[in-house]
Amino acid sequence: MGNQLMSILISDFDSTLTRYDFFDLVRKRWPTSPDDDPWEKYVAGKVTHFQALAEIFARIRTSEADLMELASSMELEAGFAKSARELQDRGWEIVIASAGCDWYIKFLLSKAEVSVSVYANPGVFDPERGLQMSLPECSRFFSPTTGVNKMEIVRDALKRSERVAFAGDGRPDLEPALLVKPELRFARGWLADAFRERGEKFHPFERWSQIADRLQKSAC
């Protein structure tokens with residue numbers, strides 16, 4: 001292989017690799033009044049994405065075992081481990097870039113026995129204080145608004161490889177996804193709608209394994 005650069009797939013986690021968003025599950029389990037909903041405050045531009053998630057996660061009151069069960073109910077795609085290993089065997093580096101919390105991401109990846117790079121906001125669970133998420137200020141991919149700067153993660157990948165793919169579903173995924181070639185963009189949910197509104201080309205997907213299948217079949 002020598003100095004040959006590998007291909008890189010940068011993937012969001014919540015609702016991209018899973019069926020449900022962790023923050024949505026938490027909001028439903030520990031609801032707040034509409035006027036005091038951190039996520040609605042973020043959508044309205046009153047707080048940052050990080051601040052909204054940090055406040056939502058801090059309201060959790062349960063045991064660690066119960067929270068692990070809640071994380072498992074995100075439903076990580078059943079075929080993810082197999083698809084990830086097949087991509088890795090074909091020379092793909094897989095990078096998880098998430099504006100969520102690494103506590104549940106690393107838990108689910110470990111449970112699935114998958115080893116990939118993860119860039120997400122650090123978190124520590126305390127039954128009395130909830131899931132305490134912190135900003136990764138020492139990271140070279142730090143963002144004060146989302147914690148993790150997906151734009152810089154994509155830019156770094158583009159410096160290392162000519163073939164970079166991106167998969168996502170949410171608001172923080174729009175700008176980084178636009179940095180990669182249209183044929184290597186994969187979107188669902190909010191991101192897919194945003195691409196359609198802008199007339200941008202992309203591949204829609206329902207399951208992450210569909211992304212892996214297309215990348216394996218496409219020419220190098």
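The figures that follow rest on heavy atoms only: side chains count, while hydrogens, waters and symmetry mates do not. Just so it is clear, the model here is predicted, and its values are computed rather than measured.
Salt-bridge check for Asp66 with Arg29: passed, with a basic side-chain N closer than 4.0 Å to an acidic carboxylate O. At a threshold of 4.0 Å, the pair Asp156-Arg160 counts as salt-bridged, since one of the basic side-chain nitrogens sits closer than that to a carboxylate oxygen. Classification of Asp36 and Lys41 as a salt-bridged pair holds, one side-chain N sitting under 4.0 Å from a carboxylate O. A salt bridge is defined here as a Lys NZ or Arg NE, NH1 or NH2 lying under 4.0 Å from an Asp or Glu carboxylate O, and Arg90 with Glu86 fails to meet this definition.
Side chain of Gln132 to main chain of Arg129: a donor-acceptor pair is present (N/O by atom type, distance under 3.5 Å, no hydrogens or angles). In terms of modelled atom types and a separation under 3.5 Å, the side chain of Arg198 and the main chain of Ala194 share a donor-acceptor contact. Ser72 places a side-chain N or O within donor-acceptor distance of the main-chain N or O of Met68, the cut-off being under 3.5 Å. Side chain of Glu40 to main chain of Asp37: no donor-acceptor pair is present (N/O by atom type, distance under 3.5 Å, no hydrogens or angles). For the pair Lys150 (side chain) and Ala97 (backbone), a donor-acceptor distance under 3.5 Å is present. Asn121 places a side-chain N or O within donor-acceptor distance of the main-chain N or O of Ala99, the cut-off being under 3.5 Å. Remark: the backbone N or O of Arg61 is not paired with any side-chain donor or acceptor of Glu128 at under 3.5 angstrom. Of the possible polar contacts, one joining the Asn149 side chain to the Glu152 backbone as a donor-acceptor pair under 3.5 Å is found. Although no hydrogens or angles enter the test, the distance criterion places no donor-acceptor pair under 3.5 Å between the side chain of Ser161 and the main chain of Ala157. Side chain of Gln210 to main chain of Glu206: a donor-acceptor pair is present (N/O by atom type, distance under 3.5 Å, no hydrogens or angles).
Between the CD atom in Gln216 and the CD1 atom in Ile211 there is a gap of 12.0 Å [rounded to 0.5 Å]. Of the inter-residue distances, the one linking Ile8 atom CD1 with Ile94 atom CD1 reads 11.5 Å to the nearest 0.5 angstrom. Within the model, atoms CG of Leu17 and CG of Asp12 stand 8.0 Å from one another, a figure rounded to the nearest 0.5 Å. The CE atom of Met133 sits 11.0 Å away from atom CD of Glu55, with the distance rounded to the nearest 0.5 Å. Atom OG1 of Thr48 and atom CD of Gln51 lie 3.5 Å apart (nearest 0.5 Å). The distance from atom CG of Leu87 to atom NZ of Lys82, rounded to the nearest 0.5 Å, is 10.5 Å.
Taking 4.5 Å as the limit, every side-chain heavy atom of Leu184 sits out of range of all side-chain heavy atoms of Phe166. Under the 4.5 Å side-chain criterion, counting only non-hydrogen atoms from C-beta, Val148 is not in contact with Ser98. Taking the side chain as every heavy atom from C-beta outward, Pro127 and Thr62 never approach each other to under 4.5 Å. Residues Leu9 and Glu93 fail the side-chain proximity criterion, which asks for heavy atoms closer than 4.5 Å. Looking at Ser115 and Gln88, their side chains never come closer than 4.5 Å, going by heavy atoms from C-beta outward. At least one side-chain heavy atom of Trp103 sits less than 4.5 Å from a side-chain heavy atom of Phe125.
Considering all non-hydrogen atoms of both residues, Pro38 and Thr32 come closest at CD-OG1, 4.2 Å. The nearest pair of heavy atoms linking Gly147 to Pro136 is O-CG, 3.2 Å. Contact between Ser143 and Leu135 at its shortest, heavy atoms only, is O-CD2, 4.0 Å. Across all their heavy atoms, Arg196 and Pro204 have their closest contact at NH2-CB, 4.2 Å. Closest approach of Ala177 and Leu191 over heavy atoms only: CB-CD2, 4.5 Å. In terms of heavy atoms, Leu76 sits closest to Ala112 at CD2-CB, 3.7 Å.
Within 6.0 Å of CD in Glu175 there are 12 or fewer heavy atoms belonging to other residues, nucleotides or ligands. Around atom CZ of Arg85, more than 12 heavy atoms belonging to other residues, nucleotides or ligands sit under 6.0 Å away.
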Take Ser73 and Leu25 through the test side-chain contact (heavy atoms from CB on, under 4.5 Å) and record every step on the way to the result.
CA-CA 8 Å; Ser73 71; Leu25 296 176; 3.5 Å; yes
Step by step, work out the ring-ring contact (aromatic ring centres under 6.0 Å, His included) result for Phe186 and Phe205.
CA-CA 7 Å; Phe186 298 86; Phe205 73 94; 7.1 Å; no
side-chain contact (heavy atoms from CB on, under 4.5 Å) for Tyr119 and Ile96? Distances and angles first, verdict last.
CA-CA 6 Å; Tyr119 295 102; Ile96 302 299; over 6 Å; no
Pair Ser11-Trp208, side-chain hydrogen bond (donor to acceptor under 3.5 Å, both in side chains): steps then yes or no:
CA-CA 9 Å; Ser11 176; Trp208 196 88; 3.1 Å; yes
Working for side-chain contact (heavy atoms from CB on, under 4.5 Å), residues Phe50 and Thr146
CA-CA 5 Å; Phe50 177 88; Thr146 58; 5.7 Å; no
Report the C-alpha distance between Leu67 and Ile60 in whole Å, list the side-chain angles of each, state the deciding distance to 0.1 Å, and finish with yes or no for side-chain contact (heavy atoms from CB on, under 4.5 Å).
CA-CA 9 Å; Leu67 193 58; Ile60 294 171; 3.9 Å; yes
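Put simply, Ile10 and Leu108 are part of two different groups of oily side chains (I, L, V, M, F, W, Y) that touch within less than 4.5 Å, one to the next. No chain of hydrophobic side-chain contacts below 4.5 Å, direct or via other Ile, Leu, Val, Met, Phe, Trp or Tyr residues, connects Leu179 to Leu215. Under the 4.5 Å side-chain heavy-atom criterion for grouping Ile, Leu, Val, Met, Phe, Trp and Tyr, Val26 is connected to Tyr20 within one hydrophobic cluster. By the criterion of side-chain heavy atoms lying less than 4.5 angstrom apart, applied directly or through intervening Ile, Leu, Val, Met, Phe, Trp or Tyr residues, Trp39 is grouped together with Met74 in one hydrophobic cluster. Hydrophobic clustering of Ile, Leu, Val, Met, Phe, Trp and Tyr side chains at less than 4.5 Å, counting indirect connections, keeps Val95 apart from Val118.
Taking the ring centroids of Phe57 and Phe22, they lie under the 6.0 Å cut-off.
The cationic atom of Arg185 (NZ for Lys, CZ for Arg) lies less than 6.0 Å from the six-membered ring centre of Phe195 and within 45° of the ring axis.
Defined by atom type and a distance below 3.5 Å, a donor-acceptor pair is missing between the side-chain atoms of Thr18 and Glu77. Counted by atom type alone, Asp14 and Tyr104 present one or more donor-acceptor pairs between their side chains at under 3.5 Å.
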